[in-house]
Number of protein chains: 2
Amino acid sequence: MSVTYKYPHPAVTVDAVVFGFDDADLKLLLVQRLAQPFKGQWALPGGFVQMHESLDQGVRRELAEETGIDRLYLEQLYTFGEPERDPRERVISVAYYALVKLNAYHVVAASDASEVAWFAVADLPKLAFDHEKIVETALRRVKAKIRYEPIGFELLPEKFTLSDLQRLYETLLEEPLDKRNFRKKILATDLLVPLDEYQQDVAHRAAQFYRFNRARYEQLRERGFNFEL
Amino acid sequence: MSVTYKYPHPAVTVDAVVFGFDDADLKLLLVQRLAQPFKGQWALPGGFVQMHESLDQGVRRELAEETGIDRLYLEQLYTFGEPERDPRERVISVAYYALVKLNAYHVVAASDASEVAWFAVADLPKLAFDHEKIVETALRRVKAKIRYEPIGFELLPEKFTLSDLQRLYETLLEEPLDKRNFRKKILATDLLVPLDEYQQDVAHRAAQFYRFNRARYEQLRERGFNFEL
DNA sequence: CGAGAAAGTGTGTTTTAGACACTAAGAGTC
DNA sequence: GACTCTTAGTGTCTAAAACACACTTTCTCG
């Protein structure tokens, strides 16, 4: 079964840069390629867009197929279309980035039988195609976005401590933050709900857990509120 | 001459949302469609990406062909890929937005023989395809971006007065700004160079001309400077 | 019960944002 | 050439936000 067109058409893929956060490291989800080209090398999860699905649906499908991840914060990043980025044919890739709660996916199902693994962003293997460039773009975007939108919560579990949150911000912003000022500022946004729960089995004073109040955020945002750290 | 593929491929187009600024109005450049579908309707300039050119090159070529515009600030906006957005076949459109100095292009050459015209953004005609959605997205982007990057200068002529600049900001932000505070803030960035030139033939005190110091901006940006109005 | 380790908490200072109103300059009119 | 019209240009005070900064609390473990 083949298809004929009057003019040449590029192939279109969707690729996903999936970030997770783990104690002190930003992590990236990669899959190992089963086929040529770049067979055996690590690459971003992704694949060809099907004719009946939207781009968003496409990434979601590919992610589920290759990694088992299916509910996440996903946003279009950039479209990469240099003529020579794939040795086989002209391939245009619409890249997305996603933020996931790492601990919710510690075991990654790989129904496509390829290897799937998390890598620290600071220590990535060599990637297939121009995926390094895509990852760089995604990193830049996330680091910029974290400053003015509360996307950091997508990387943390449902319940987290203020120290967890601060650690996340310090990692992404690559600068230390003052504990008192950080807490003052983050609590002033009125986006965190303190829970009646505390850490267990820690060898020091137990920290209180909080959760992100998403409904409140939507509410505030409609009234022109601006999150800024 | 036709082409055959093993699997179906979508067509890929590039479309450009070109903004200009004229005294008090933000304007948008549109072309009139010569062919079906949507024949006779206004649409964004754009067309199919050729196999040997990058996406950036593609938009630039299409823009030059259809409107004669060839040197401008151009940035990728978003990729639109809903399956039904084009009635002919599956078409994925990589949209760009551009900012041009309107007076430099007052006469638009239309080498493709189609009509080309500027429309006030506040008063657009009905557009072909999902181009209204694309324009909305571009508008949102530009309005957001103008706050934290000095892209406004791309819309103004080389030499402009502070009142011109303020009018531009007021139009884009859709709010009046205090003259003294605006001037204080904008001059404090150290990005404007006062010129030894003044308005001519105006029936009131002549305003001084300024120019944007692009080199200075690059310099400051590298040192982590953050433009913000 | 002392040591270690992280949680939690408040104030004073500096910087930045915002409100606000008059004088200066040039052209046009009588 | 005096008056009017129109926009250019300018400074201060107040309020809010950002930032610097250090000690006490709570818990576990040995």
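Naming: A, B, ... by sequence-line order, numbering from 1 per chain. Here the structure is a predicted model, which means the values were calculated and not measured. Atom set for the values below is all heavy atoms of this structure, side chains included, hydrogens, waters and symmetry mates excluded.
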I need a per-nucleotide contact map over nucleotides 11-23 of chain C, read 5' to 3'. Cutoff is protein heavy atoms under 4.0 Å; write B for the base, S for backbone only, - otherwise.
B------BBBB--
Show, in sequence, the C-alpha distance, side-chain angles and deciding distance for A:Y148 and A:F227, and conclude whether the ring-ring contact (aromatic ring centres under 6.0 Å, His included) test is met.
CA-CA 5 Å; A:Y148 59 89; A:F227 178 88; 9.2 Å; no
CG (B:L26) and CG (B:L99) are apart, to the nearest 0.5 Å, by 8.5 Å
Does some side-chain heavy atom of A:Q208 sit less than 4.5 Å from a side-chain heavy atom of A:E197?
no
Sequence neighbours left out, what passes salt bridge (charged side-chain N to carboxylate O under 4.0 Å, His left out) with B:R216? Give chain and number order.
B:D190
State, yes or no, whether a side-chain contact exists between B:L229 and B:I186 at a heavy-atom distance under 4.5 Å.
yes
Heavy atom of residues 158-173 of chain B under 4.0 Å from DNA chain D: which residues?
B:S163
Using the ring pair (Phe, Tyr, Trp, His ring centres under 6.0 Å) criterion, which residues pair with A:Y73? Sequence neighbours excluded.
none
Between protein and nucleotides 28-30 of chain D, what N or O pairs are separated by less than 3.5 Å?
none

A:R183 has an atom CZ; how far is it from atom C1' of D:dC21, in whole Å?
16 Å
Other residues, nucleotides and ligands only: do more than 12 of their heavy atoms fall within 6.0 Å of CD on A:E158?
no
Between B:F19 and B:Y97, does the ring centroid distance fall short of 6.0 Å?
no
Hey, could you give me each pair passing ring-ring contact (aromatic ring centres under 6.0 Å, His included) that has a residue in residues 163-215 of chain B? Not counting sequence neighbours.
B:F153-B:F212, B:Y169-B:F182
C:dG26 P sits how many Å from B:Q208 CD, rounded?
12 Å
Atom-pair distance (OH on A:Y198; P on D:dT25), nearest Å:
16 Å
Donor-acceptor pair, side chain of A:D22 and main chain of A:D25, under 3.5 angstrom:
no
Please report the distance, rounded to the nearest Å, between CD in A:Q200 and C1' in C:dA7.
15 Å
At 4.0 Å (heavy atoms only), tell me whether A:Q199 reaches a base, stays on the sugar-phosphate, or touches nothing.
nothing
Interatomic distance where CD belongs to A:E197 and P belongs to C:dA7 [whole Å]
17 Å
Taking the six-membered ring for Trp, are B:Y78 and B:F80 ring centroids under 6.0 Å apart?
yes
Nearest-Å distance for atom pair CZ/P, residues A:F209 and C:dA7:
11 Å
